Amino acid sequence: MRRTAAPALLLPLALLLAACSGSSSAGSTGGGGTDGKGSVTLDVGDQKGGSEAVLRAAGELDDLDYKIRWSTFTSGPPLLEAVNAKAVDIGAVGNTPPVFAGGAGSKIKVVAATHSASKGDTILVGKDSPLKKVTDLKGKSVAVAQGSSAHYQLVASLKSAGLTLKDVEVKYLQPADALAAFSSGKVEAWAVWDPYTSQILESEQGRVLTTGEGKVNGLGFQVAAPEALADKKKSKVIGDYVQRLRRAQAWVAEHPEEWAKVWAKDTGLPYEVALASVKRTQSTALPVAVDKQAVASEQEIADTFARLKLIPRRFSFADLVDTRYNGELPPSTTAPRGTEES
């Protein structure tokens with residue numbers, strides 16, 4: 001029954017990925033509407049099924065005394081381009097897009113962080129693939145989205161096995177194209193993140209060769225425009241917005257099934273895939289401080305990509321950080337939700 005249903009499961013995500021990985025030069029898929037009321041408007045960059053969806057599901061968009069104007073982007077890199085261009089005040093990205101933005105000299109500030117489990121960060125191979133361990137990737141083709149969190153996860157996983165990017169045939173593909181290539185066997189492995197990991201596993205189209213656990217930092221960030229932070233009124237509402245997101249993340253951890261239903265409807269994902277992804281990754285997100293440990297971890301990523309000449313220059317990640325919203329949050333190295341050792 002599950003094998004018969006697999007193609008049907010793959011189709012909704014294929015459509016979602018096509019929508020989320022468009023080729024428009026700006027990387028924007030248009031406006032997402034406006035919430036709240038008041039004289040201050042916060043322009044927020046988002047991705048499908050992202051911050052707007054979770055805030056709405058958690059009831060955190062009720063009674064806003066400022067406006068949030070949503071813009072939807074295909075991925076983190078174009079969102080950060082919009083932040084740099086002052087078209088967006090703040091938006092959520094993974095651990096690697098700020099490194100590529102910083103390497104390009106973009107004017108951005110990392111203002112908040114979460115720490116999530118890295119089980120959803122994987123290198124996938126076909127279900128019947130002869131590849132059994134990371135060293136087996138030598139000479140094989142691997143799909144990955146350039147500048148994504150999976151890009152560094154691939155580098156780190158190869159390093160752990162004594163390999164480098166030169167030892168594999170890297171295919172830089174956005175998720176929609178990577179899904180098609182992986183499903184058709186045109187690439188032998190796929191470095192990716194959730195919900196794509198859950199999609200492949202739930203549809204029994206592949207298996208996990210390795211995860212990012214112990215190799216990547218599991219951090220995600222809210223990145224803001226320096227001009228917005230310099231504006232007294234906007235900086236205040238950014239603080240409120242960040243607090244609402246933190247409460248929404250706690251709500252997800254407490255209501256995984258309810259959020260999975262909302263997320264599935266919003267994205268077109270099958271409910272089983274959405275729930276698996278929520279349990280594996282989203283429900284583990286813990287708000288943490290943007291501290292010295294986080295900066296050091298991101299600096300390692302930046303230095304790695306600089307050595308590989310995948311970003312144009314070396315830079316200090318600390319220069320991209322604004323810690324004003326840290327408050328009493330735990331250190332960035334604190335275990336994600338649901339992963340604490342007993």
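This is a predicted model, so every value here is computed, not measured.
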[X] side chain to [Y] side chain, donor-acceptor N/O pair below 3.5 angstrom:
{"X": "Ser118", "Y": "Glu213", "result": "no"}
{"X": "Ser198", "Y": "Arg280", "result": "yes"}
{"X": "His255", "Y": "Trp259", "result": "no"}
{"X": "Thr122", "Y": "Thr197", "result": "yes"}
{"X": "Lys233", "Y": "Ser39", "result": "no"}

Salt-bridge contact Asp240-Lys236 (side-chain N to carboxylate O under 4.0 Å):
no
Taking 4.0 angstrom as the limit, do Asp266 and Arg56 come out as a salt bridge?
no
In sequence, state the C-alpha distance, the side-chain angles, and the governing distance for Phe182 and Leu173, and then conclude on side-chain contact (heavy atoms from CB on, under 4.5 Å).
CA-CA 11 Å; Phe182 181 82; Leu173 299 172; over 6 Å; no
For residues [X] and [Y]: do they belong to one hydrophobic cluster (side chain heavy atoms under 4.5 Å, members Ile, Leu, Val, Met, Phe, Trp, Tyr)?
{"X": "Leu329", "Y": "Leu229", "value": "no"}
{"X": "Tyr196", "Y": "Leu275", "value": "no"}
{"X": "Val125", "Y": "Leu163", "value": "yes"}
{"X": "Val242", "Y": "Leu55", "value": "yes"}
{"X": "Tyr271", "Y": "Leu269", "value": "no"}

Could you state the interatomic distance from [atom1] ([X]) to [atom2] ([Y]), rounded to the nearest 0.5 Å?
{"X": "Thr114", "Y": "Leu286", "atom1": "OG1", "atom2": "CG", "value": "8.5 Å"}
{"X": "Asp319", "Y": "Lys109", "atom1": "CG", "atom2": "NZ", "value": "6.5 Å"}
{"X": "Leu79", "Y": "Asn84", "atom1": "CG", "atom2": "CG", "value": "12.0 Å"}
{"X": "Leu209", "Y": "Glu188", "atom1": "CG", "atom2": "CD", "value": "11.5 Å"}
{"X": "Lys132", "Y": "Leu137", "atom1": "NZ", "atom2": "CG", "value": "13.0 Å"}
{"X": "Ile90", "Y": "Phe221", "atom1": "CD1", "atom2": "CZ", "value": "13.0 Å"}

Is any side-chain heavy atom of [Y] closer than 4.5 Å to one of [X]?
{"X": "Gln199", "Y": "Pro270", "answer": "yes"}
{"X": "Leu179", "Y": "Trp190", "answer": "yes"}
{"X": "Arg337", "Y": "Gln249", "answer": "yes"}
{"X": "Val252", "Y": "Val54", "answer": "yes"}
{"X": "Ile200", "Y": "Gln205", "answer": "yes"}
{"X": "Val170", "Y": "Tyr172", "answer": "yes"}
{"X": "Ile238", "Y": "Leu42", "answer": "yes"}
{"X": "Gln222", "Y": "Tyr325", "answer": "no"}

Does atom NZ of Lys215 have more than 12 heavy-atom neighbours from other groups under 6.0 Å away?
yes
Please indicate whether Arg207 has more than 12 foreign heavy atoms, meaning atoms of other residues, nucleotides or ligands, lying under 6.0 Å from its CZ.
yes
Nearest atoms (heavy-atom pairs only) where [X] meets [Y]:
{"X": "Val44", "Y": "Val88", "value": "C-CG1, 4.0 Å"}
{"X": "Trp193", "Y": "Ala150", "value": "CE3-CB, 3.6 Å"}
{"X": "Ala57", "Y": "Trp251", "value": "O-CZ2, 3.6 Å"}
{"X": "Phe73", "Y": "Ala82", "value": "CZ-CB, 3.5 Å"}
{"X": "Ile123", "Y": "Ala189", "value": "CG2-CB, 4.0 Å"}
{"X": "Glu52", "Y": "Asp35", "value": "OE2-OD2, 4.2 Å"}

Taking [X] for the side chain and [Y] for the main chain, is one N or O donor matched with an acceptor at less than 3.5 Å?
{"X": "Asp322", "Y": "Val111", "result": "no"}
{"X": "Ser283", "Y": "Val278", "result": "yes"}
{"X": "Ser297", "Y": "Ala294", "result": "no"}
{"X": "Ser183", "Y": "Ala180", "result": "no"}
{"X": "Ser277", "Y": "Ala274", "result": "no"}
{"X": "Arg313", "Y": "Gly102", "result": "yes"}
{"X": "Asp231", "Y": "Ala228", "result": "no"}
{"X": "Ser106", "Y": "Ile108", "result": "no"}

Please collect all side-chain hydrogen bond (donor to acceptor under 3.5 Å, both in side chains) contacts where either partner lies in residues 85-105, sequence neighbours excluded, each pair once.
Asp89-Lys234, Asn95-Asn217
Are Glu298 and Leu320 close enough, and set up right, to give a side-chain contact (heavy atoms from CB on, under 4.5 Å), and what steps lead you there?
CA-CA 11 Å; Glu298 289 294 302; Leu320 305 185; over 6 Å; no
Identify the residue among Pro336, Ser332, Pro331 that makes a side-chain contact (heavy atoms from CB on, under 4.5 Å) with Thr334.
Pro331
Steps toward side-chain contact (heavy atoms from CB on, under 4.5 Å) verdict (Ser51, Leu245):
CA-CA 7 Å; Ser51 298; Leu245 278 174; 4.0 Å; yes
Run the numbers on Thr284 and Lys119 for side chain to side chain donor-acceptor pair (under 3.5 Å), then give the verdict.
CA-CA 10 Å; Thr284 71; Lys119 289 182 179 180; over 6 Å; no
Could you pull out all donor-acceptor pairs under 3.5 Å where a side-chain atom in residues 301-309 meets a protein atom, sequence neighbours excluded?
from	atom 1	to	atom 2	distance (Å)
Asp303	OD1	Gln299	NE2	3.0
Thr304	OG1	Glu300	O	2.8
Thr304	OG1	Arg307	NH2	3.3

Check the pair Val168 / Lys140 against side-chain contact (heavy atoms from CB on, under 4.5 Å), numbers first and verdict last.
CA-CA 5 Å; Val168 299; Lys140 307 302 182 182; 5.7 Å; no
